[in-house]
There are 2 protein chains.
Amino acid sequence: MLLHMPNRVFVIDTSLFVNPHARGHFGKSPTAAVKAFLKIIAKMNIELFIPPSVFNEMKNFIEKKTTDELELHIKKRAPNMYSIYLPAAVLYDFIDDIRTRINKGMRLAEEFAKDNHPDNDIKLGKLREKYRDAMRTGIIDSKEDVELVLLTKELDATLISSDEGVLKFASEIGCTYLNAEKFHALLKKIKKAKN
Amino acid sequence: MLLHMPNRVFVIDTSLFVNPHARGHFGKSPTAAVKAFLKIIAKMNIELFIPPSVFNEMKNFIEKKTTDELELHIKKRAPNMYSIYLPAAVLYDFIDDIRTRINKGMRLAEEFAKDNHPDNDIKLGKLREKYRDAMRTGIIDSKEDVELVLLTKELDATLISSDEGVLKFASEIGCTYLNAEKFHALLKKIKKAKN
């Protein structure tokens, strides 16, 4: 790429429409955000991809009629998991991170097992929140997350997500990415330029 | 390798001397096992490697005099983490496995938080054991584990371990390996053959 111009191939994540901050400029609900998004990208010279697993995830948040329409404007494609190679250091760092988190999860479980307070929903809600935060915030923690990043790498595209763990992993393996919050502004900019 | 003969380059894991089943043929204690091992390999035409991190781990179980002697017969070497590449599928499967384990750990934590029995050491011991089993049995869960397998790959050696997770990962990325329990017999066999 010799010219200073935005990449026009994007891989998008559920968080673009589900995370309230990310969808802010598009719409109030996930469905409204997708509708507005479809209007903006109409006739734009860009290419959009999504891993099938992530598209299925998205369907849980958006009305069927709207995902049916979205499906016509976005290419579903899974990364070729066996043709992409990653430096072993990626797995090494990941396992080190997981080990630290497992120990944190253990300490949390002990803390709640010891407190001897009556079992109640508030207590269990708190345990769940703390545990999830310790184990899953800031790392890739699902197959969908891995697929997003690897598809972006395979296509040499730009990843659009607001998931901290997904963006961190994308950065680690040298993918172009943009926080989903800024995607609306980028689309406007591309639209202004010659299509 | 054209001839049907055993590989003579080995990467060894702490479990060879620490796991009672694995060290059985060598000796009753880790220290006794290393001493017997050193006698067997004396003048044998084999090459032994160990990642420095694993050697440090081993020092916790074996008397200093004996590890000092072992250090003269085994090469400490770390894998070159940045020159080895793994198929992305390895990370993908690993993350899927971790996700399942995290959910199991969560259910365990809830179960123990809800039981309302007085806090006592037996209860906490049970929680720790169940949690460790759910989170860590059968997967690589430490930097040392990764180093063992990657060094084996880099050297095209045979990995000697009795750790289930280590052996599984070695198999996944196409390393030669042997359960540590059988290493004594293999050494005897090599010794019988011409050196």
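Worth knowing before you read on, the calculation uses all heavy atoms, side chains too, and leaves out hydrogens, waters and symmetry mates. In what follows, chains are A, B, ... by sequence order, proteins preceding strands, each numbered from 1.
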Ranked by heavy-atom pairs below 4.5 Å to chain B, first place among A/Ile140, A/Asp145, A/Asp93, A/Ile173 goes to A/Ile140
Return yes when atom NE2 of B/His73 has more than 12 non-hydrogen atoms of other residues, nucleotides or ligands closer than 6.0 Å, and no otherwise.
yes
Assert top hit (heavy-atom pairs under 4.5 Å, partner chain B, pool A/Ala88, A/Ser83, A/Pro79, A/Ser142) equals A/Ala88
Ranked by heavy-atom pairs below 4.5 Å to chain A, first place among B/Leu108, B/Ile84, B/Ile95, B/Val146 goes to B/Ile95
Most heavy-atom pairs under 4.5 Å with chain A, out of B/Glu147, B/Lys153, B/Met81, belong to B/Met81
*A/Ile102 and B/Arg132, any side-chain heavy atoms less than 4.5 Å apart*: no
Evaluate the side-chain proximity of B/Phe169 to A/Leu91: yes if any heavy-atom separation is below 4.5 Å, no if none is.
yes
Turns out that what part of A/Leu150 lies under 4.5 Å from chain B's heavy atoms comes down to side chain
Checking B/Lys130, B/Arg128, B/Lys126 against A/Glu110 for salt bridge (Lys or Arg N to Asp or Glu O under 4.0 Å), the one that qualifies is B/Arg128
Checklist line | OH (A/Tyr131) with more than 12 external heavy atoms under 6.0 Å | finding: yes
- prompt: Can you tell if the side chain of A/Arg136 reaches within under 4.5 Å of the side chain of B/Arg99, non-hydrogen atoms only?
  reply: yes
Looking only at A/Ala109, A/Gly105, A/Pro87, most heavy-atom pairs under 4.5 Å shared with chain B are made by A/Pro87
Of the listed B/Glu111, B/Met106, B/Met135, the one with the largest count of heavy-atom pairs under 4.5 Å with chain A is B/Met106
Residues A/Tyr82 and B/Ala89: closest non-hydrogen pair is CE2-CB, 3.5 Å
Exercise for the section: For B/Phe55, look at atom CZ and say whether over 12 heavy atoms of other residues, nucleotides or ligands are found less than 6.0 Å away. Expected result: yes
Whatever's closer than 4.5 Å to a heavy atom in chain B on A/Ile98 counts as side chain
field: Same cluster (ILVMFWY, side-chain, under 4.5 Å), A/Val90 and A/Tyr85
entry: no
